[in-house]
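First comes the structure, then the notes that go with it.
Proteins get letters first, then strands, A, B, ... in listed order; numbering begins at 1 in each. We use all heavy atoms of the structure for the numbers below, so side chains are in, but hydrogens, waters and symmetry mates are not. None of these values were measured; they are calculated from a predicted model.
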Amino acid sequence: MLLKRHSSEKLFLPRTKQVLNIERRFFMGKALSLGALSMLTGCNVADDSQAQGVLDAMSRWNDKVQLAIFGTTTQLAPTYTEADIKDPFPFNAYYGEDEVRIVKEEGYKLELAGLIDKKDSWTLQNLRALPQQSQITRHICVEGWSAIGKWGGVNFADFLHMIGADTKAKYVAFKCADDYHTSIDMATALHPQTTLALTFRDQPLPPKYGFPMKLRIPTKLGFKNPKHIMSIEVTNDYPGGYWEDQGYNWFSGT
Amino acid sequence: MKKDLVHPLYVRLFHWLNAAAIVMMVMSGWKIYNASPIFEGIAFPEALTLGDWLGGALQWHFAAMWLFVVNLIVYLVTGIATGHFREKMFPVSPVAVINDVGQALRGKLAHDSHDYNAVQRVFYIGVIGAMLMTLISGLVVWKSAQFQLLSWIVGSYDTARIVHFAGMTLICAFIVVHLALVAIVPSTFIPMITGWAKPFPKKEKNHVA
């Protein structure tokens, strides 16, 4: 559980630019002892920012490649049967299960911002009144493990159209009650399986799986599926994300 | 003394770029594996991994991936187009393999850069196969929703992880034997840098073709 361990080490640090730089240096330290790398690139192995620059550039290149691969197909993620559902479905976040945020339904409203015509906020009741879809798909964690689950809720593309979102915009960004944030490309936002999930296994989403709602994206890694969503913004300015800002690949498609 | 060009430039370039790519892929892959081991109790020593945390290891893995794949494709296309593979790797007859394994076990098998013995041929073809197996299963692990035909060939996502691990294991096993043989027959090392080797004293083929 490296994803989690790393976060607990740094959870108490204010994430200033300096701290991030220190992390960066730390992250490169051991890597650059490799003689093979100097042989490969001919660059000065002591200059870690140079190697990090190459890695960052490659990650951005991989974003583009993944978007291109994604954009050329209308491929649906594989679906499974009820019998395949993992029970209990694993909990995962940047914090431990004892720190799960409890969001109360009373007073909850989903806020909308950015390039959206109708920015009225949404109660859960109003969202439940919309047509619902469900899917049994595989959740794949960036750590490598995977688990099959069942999520139900509102087709996200329909929702974006309904609220008059500018679907020509590049990004959809999410802010969450657990101080998590992430963002996705518009192509994925409009994918037919991308769901504003209100249920897990036909029951209201329990807090540990992201009550009041989670964006379920079976074509992306788990950390791109934000839980406890409080606000959605459509934007052309790259919003980044909690893990993405620390070096995880932004697109992270499956 | 007249020397023979045993490894053309593209083979040498491929060899060393591939060596660097494999080192980066394997070491960063071990770090990624450690984040969520497939096999209970099997983890790799952190000192042998690349990238200081999972995010860094993933960056290395998916950057080195391009070097590995592009280099491998150029090599395979050139090797097939120039007839280099047909000439140096084939044929591989089971009789020759059995014969050469027997000779190798008695310490009598010639191991050189001019004319690969049947055991060398099996190893080189085998490691190319292991690299392709690791590549294809890796594409499935990376993009199981996008590459569904490959997914269907390899099996499920979980199967693909195991195949990817098995391919890595085969590559590492090859590297161990390969380095051991270079140590035993050091005259094969220089030609992989310069391309040139002294003419092999016994010009006749040393295996049954």
Side-chain angles (χ1 to χ4, degrees), chain A residues 1-6 9 23-41 51-52 54-59 61-62 65-66 69-70 72-73 75-78 80 137-138 140-146 148 193 218-220 243-244 246-249 252-254, chain B residues 16-29 31-38 43 46-69 71 139-149 151-152 156-162 164-165:
Chain A
M1 290 285 192
L2 276 188
L3 194 107
K4 203 182 294 173
R5 196 184 71 198
H6 178 74
E9 279 167 1
E23 283 170 8
R24 282 259 152 95
R25 295 172 65 89
F26 181 61
F27 144 15
M28 292 301 304
K30 205 190 290 168
L32 284 157
S33 59
L34 262 182
L37 294 173
S38 61
M39 209 167 66
L40 172 70
T41 61
Q52 185 55 56
V54 172
L55 292 179
D56 287 341
M58 287 307 291
S59 193
W61 159 252
N62 282 327
V65 171
Q66 292 177 90
I69 295 171
F70 187 84
T72 55
T73 62
Q75 189 86 275
L76 294 180
Y80 301 87
T137 49
R138 186 186 292 272
I140 298 175
C141 181
V142 67
E143 294 171 338
W145 57 266
S146 72
I148 291 165
Q193 285 173 312
T219 55
K220 281 200 190 294
W243 290 115
E244 295 87 336
Q246 298 175 54
Y248 281 95
N249 177 258
S252 284
T254 63
Chain B
W16 293 111
L17 289 175
N18 191 52
I22 293 277
V23 164
M24 291 191 284
M25 292 301 276
V26 169
M27 291 179 69
S28 58
K31 173 78 88 190
I32 297 166
Y33 170 93
N34 281 355
S36 179
I38 307 172
E46 286 291 312
L48 296 181
T49 64
L50 176 59
D52 221 66
W53 62 300
L54 176 59
L58 288 162
Q59 281 198 340
W60 280 106
H61 208 68
F62 291 114
M65 163 182 88
W66 290 101
L67 175 64
F68 171 67
V69 171
N71 190 42
L139 287 174
V140 176
V141 174
W142 187 43
K143 295 268 164 282
S144 58
Q146 293 292 310
F147 301 143
Q148 287 185 26
L149 177 65
S151 254
W152 180 79
S156 68
Y157 171 80
D158 291 326
T159 312
R161 284 187 78 199
I162 294 168
H164 198 58
F165 186 91

> Of all heavy-atom pairs between A:Val142 and B:Leu54, which one has the smallest distance, and what is that distance?
Replying inline: O-CD2, 4.1 Å

>> What's the separation between atom CD1 in A:Ile69 and atom CZ in B:Phe147, rounded to the nearest 0.5 Å?
In response: 4.0 Å

>> Tell me if a side-chain donor or acceptor on A:Gln75 pairs with a main-chain N or O of B:Gln146 at a distance below 3.5 Å.
In response: yes

>> Please give me the minimum heavy-atom distance between A:Gly144 and B:Tyr157, naming the atom from each residue.
In response: O-OH, 2.9 Å

> Which atom pair, heavy atoms only, marks the closest approach of B:Ser36 to A:Glu143?
Replying inline: CB-O, 3.2 Å

> What residues, two or more places apart in sequence or in another chain, satisfy ring-ring contact (aromatic ring centres under 6.0 Å, His included) together with B:Phe62?
Replying inline: B:Trp142

> Parallel, tilted or perpendicular: which fits the ring planes of B:Trp53 and A:Tyr248, with parallel below 30° and perpendicular above 60°?
Replying inline: perpendicular

> For A:Asn249, is it the side chain, the backbone, both, or neither that has a heavy atom closer than 4.5 Å to a heavy atom of chain B?
Replying inline: neither

> Can you find a heavy atom in the side chain of B:Met65 that is under 4.5 Å from one in the side chain of A:Met58?
Replying inline: no

>> Quick check on A:Ile140 against chain B: is it the side chain, the backbone, both or neither that has a heavy atom closer than 4.5 Å?
In response: side chain

> Does a donor on one side chain and an acceptor on the other come within less than 3.5 Å for A:Gln52 and B:Gln59?
Replying inline: yes

>> Report which part of A:Val65 has an atom under 4.5 Å of a heavy atom belonging to chain B: side chain, backbone, both, or neither.
In response: side chain

>> Holding to side chain to side chain contact (heavy atoms under 4.5 Å, CB included), I want the full list of residues that pass it with A:Ala77, two or more places apart in sequence or in another chain.
In response: A:Gln193, A:Pro218, A:Thr219, B:Ala145

> Would you say A:Arg138 and B:Ser156 make side-chain contact, with heavy atoms under 4.5 Å?
Replying inline: yes

>> Given heavy-atom pairs under 4.5 angstrom as the criterion, report whether the side chain, backbone, both or neither of A:Thr254 touches chain B.
In response: both

